[in-house]
Protein chains: 2
Amino acid sequence: MVVQKVASHMPTDIPDIVIGRLPIYLRALTQLLNAGRTVTSSRELGEYLGISSAQIRKDLSHFGGFGKQGTGYDVAVLRDKLQQILHVDRQWPMAIVGAGDLGRALAHYRGFESRGFRVAAVFDNDERKVGQSLADTELVIEPMRRFKEVVQANGIEIAMLAVPAEHAQSVTDQLVDACIRAILNYAPINIIVPSNVYVQYIDPVIELQHMTFYLGHQPK
Amino acid sequence: MVVQKVASHMPTDIPDIVIGRLPIYLRALTQLLNAGRTVTSSRELGEYLGISSAQIRKDLSHFGGFGKQGTGYDVAVLRDKLQQILHVDRQWPMAIVGAGDLGRALAHYRGFESRGFRVAAVFDNDERKVGQSLADTELVIEPMRRFKEVVQANGIEIAMLAVPAEHAQSVTDQLVDACIRAILNYAPINIIVPSNVYVQYIDPVIELQHMTFYLGHQPK
DNA sequence: GTAAATTAGTGATAAAAGCCACAAATTATC
DNA sequence: GATAATTTGTGGCTTTTATCACTAATTTAC
């Protein structure tokens, strides 16, 4: 019932910038829970995250009232609500495309399972890599020609793109063709997708350059 | 002279959100340059990046007029300007802290050099890892007790943090103690630093959860 | 049991960010 | 060489985002 209520809120009328903060809140709540905390407040959460308490309250209020005046928020309850809102109260199977250093590091990453995701398949077109199994996993590197088939068989809708920049667009086209709906792009390049496909970018150099602007002019 | 002009613009009066877009522009310009283009326009750049042309023009106008009416922007000139503004017209030596799968993948990443960065040292506290050299690099894994010394000897001001979440804060304290001024944090946890230290976060799960909000409710 | 303290949720306000549209400069066309 | 077409840089406006500050509910202190 509560799930229905949450589910009834359509994405359209909630600012994307608000949505972008929800995973941050969720991560902090999980941390609090692991530390044994049972209640928290917008003030505490805000001080910890460097966000104003009013903003946290207003963000959450888009989805209903989860707190209690005078007390604050039940950490476990709020975490559950956020997991429902973000649809990570289940595990999303994902494909990794590109089995270089980065793709392999992602395949071995132990942090997905507890947060709503699971690496279901790894792809690469290098014939020397195809067929290799990845240590400590049940994964075997598949060739890209099997992509569509494996994606459909496993109900995969999310792909992490970890191929060199020069192949990123053509591989993206293959992902789109296989009905991938969300792409986490690690290639340092903009990719073009249809408007119904979501893309997020991770490029460490972008973040580093953002900081070097402020680091100033005198190199050591 | 032009460098002086750019340098004279102090960060304080330019919105951070503008600064955050400059690396994106720089990346796109480098791509255009590699494709042999010599001139571009705010319209072309905007269509490619999914950003309005007016925004690009206004962002750039914070730093001076780099374009030419009727023509647009000289790609090489604008790229050079952005490199100066972002202070990546040099190479920043960086430390990687944590030599797990991720730290090693970062150490092997070939994409830093051309964009203003260089991995100068890798650290880990696991005695089994210390002393190991990293294939295809001149890097040897150093113990954390040598951190301050190596950082000072190499003029390192930037660290990439790739340790497990449970150690992230205590390691951060060591970074701060060694006068690290910018941290790219890969640990899925908020870290507390003094206000003169810059932090950027990379957590793939945050980006994935942002997308699953929109992916909706019916898992395959 | 009462008063003081705490905290959520929210309408109103303030601040920030983004976009429009135009003048001025340049280039292309014929 | 005149006219049409481009494109920048920007003032002003609109939209979005964030904060303020208040009410109502609850808890704590004594």
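What you see below is based on every heavy atom in this structure, not just the backbone, and it leaves out hydrogens, waters and symmetry mates. Chain identifiers are assigned alphabetically (A, B, ...) following the order of the sequence lines, protein sequences preceding nucleic acid strands; residue numbering begins at 1 within each chain.
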For [X] and [N], what is the distance between atoms [atom1] and [atom2] respectively, to the nearest whole Å?
| X | N | atom1 | atom2 | value |
| --- | --- | --- | --- | --- |
| A/Ile19 | D/dT17 | CD1 | P | 11 Å |
| B/Leu60 | D/dT8 | CG | P | 9 Å |
| B/Leu45 | D/dT8 | CG | C1' | 14 Å |
| A/Ile17 | D/dT19 | CD1 | P | 11 Å |
| B/Leu78 | D/dT7 | CG | P | 15 Å |
| A/His62 | D/dA18 | NE2 | P | 10 Å |

Does the side chain of [X] pick up a donor-acceptor pair with the side chain of [Y] at under 3.5 Å?
| X | Y | result |
| --- | --- | --- |
| A/His62 | A/Asp13 | no |
| B/Ser53 | B/Arg57 | yes |
| A/Gln84 | A/Asp80 | no |

**Report entry** Sorted by number, the residues of residues 47-58 of chain A with heavy-atom contact under 4.0 Å to DNA chain C
**Finding:**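 When residues 47-58 of chain A is checked for heavy atoms under 4.0 Å from DNA chain C, the hits, listed by number, are A/Arg57, A/Lys58.
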
Distance-only check: which donor-acceptor pairs under 3.5 Å involve side-chain atoms of residues 182-190 of chain A, not counting sequence neighbours?
from     : atom 1 : to       : atom 2 : distance (Å)
A/Asn185 : OD1    : A/Ala187 : N      : 2.8
A/Asn185 : ND2    : A/Ala187 : O      : 3.4
A/Asn185 : ND2    : A/Ile189 : O      : 3.0

Who pairs with [X] by side-chain hydrogen bond (donor to acceptor under 3.5 Å, both in side chains), at least two apart in sequence or on another chain?
| X | value |
| --- | --- |
| A/Arg37 | A/Glu44 |
| B/Ser114 | none |
| B/Gln91 | none |

Query raised in the report: Once each nucleotide of nucleotides 25-30 of chain D is scored for protein heavy atoms under 4.0 Å, what B/S/- sequence comes out, 5' to 3'?
Result: BBS---

Could you check whether any side-chain N or O of [X] sits under 3.5 Å from a backbone N or O of [Y], counting only pairs where one atom can act as donor and the other as acceptor?
| X | Y | result |
| --- | --- | --- |
| B/Tyr109 | A/Asp101 | no |
| A/His210 | A/Ile206 | no |
| A/Arg104 | A/Ala99 | yes |
| A/Ser41 | A/Gly72 | no |

Requested in this report: Taking side-chain contact (heavy atoms from CB on, under 4.5 Å) as the test, write out the residues that go with A/Gln55, two or more places apart.
Outcome: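 Partners of A/Gln55 under the side-chain contact (heavy atoms from CB on, under 4.5 Å) test: A/Arg21, A/Tyr25, A/Ile51, A/Ser52, A/Asp59.
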
Query raised in the report: Who are the side-chain contact (heavy atoms from CB on, under 4.5 Å) partners of B/Gln69, not counting sequence neighbours?
Result: none

Report task. Determine to 10° how strongly the helix from C/dG1-D/dC30 to C/dC30-D/dG1 is bent, judged from the axes of its five-pair ends. Result -> 30°

Query raised in the report: Which pairs, with at least one residue in residues 189-207 of chain B and sequence neighbours excluded, count as a salt bridge (Lys or Arg N to Asp or Glu O under 4.0 Å)?
Result: A/Arg27-B/Asp203, A/Arg115-B/Asp203

Query raised in the report: Which nucleotide span of DNA chain C, 5' end to 3' end, has atoms closer than 4.0 Å to non-hydrogen atoms of chain B?
Result: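 First-to-last contact on DNA chain C, by the 4.0 Å heavy-atom rule, is C/dA17 to C/dT27.
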
Query - Members of residues 20-31 of chain A that approach DNA chain D, where some heavy atom sits under 4.0 Å away - result: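 Within this stretch, A/Arg21 sit under 4.0 Å of the strand.
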
Report summary line: Here the gap from A/Ile191 atom CD1 to A/Thr172 atom OG1, rounded to the nearest 0.5 Å, amounts to 3.5 Å

**Report entry** Chi angles and distances behind the side-chain contact (heavy atoms from CB on, under 4.5 Å) call for A/Val75, A/Thr38
**Finding:** CA-CA 5 Å; A/Val75 177; A/Thr38 58; 5.7 Å; no

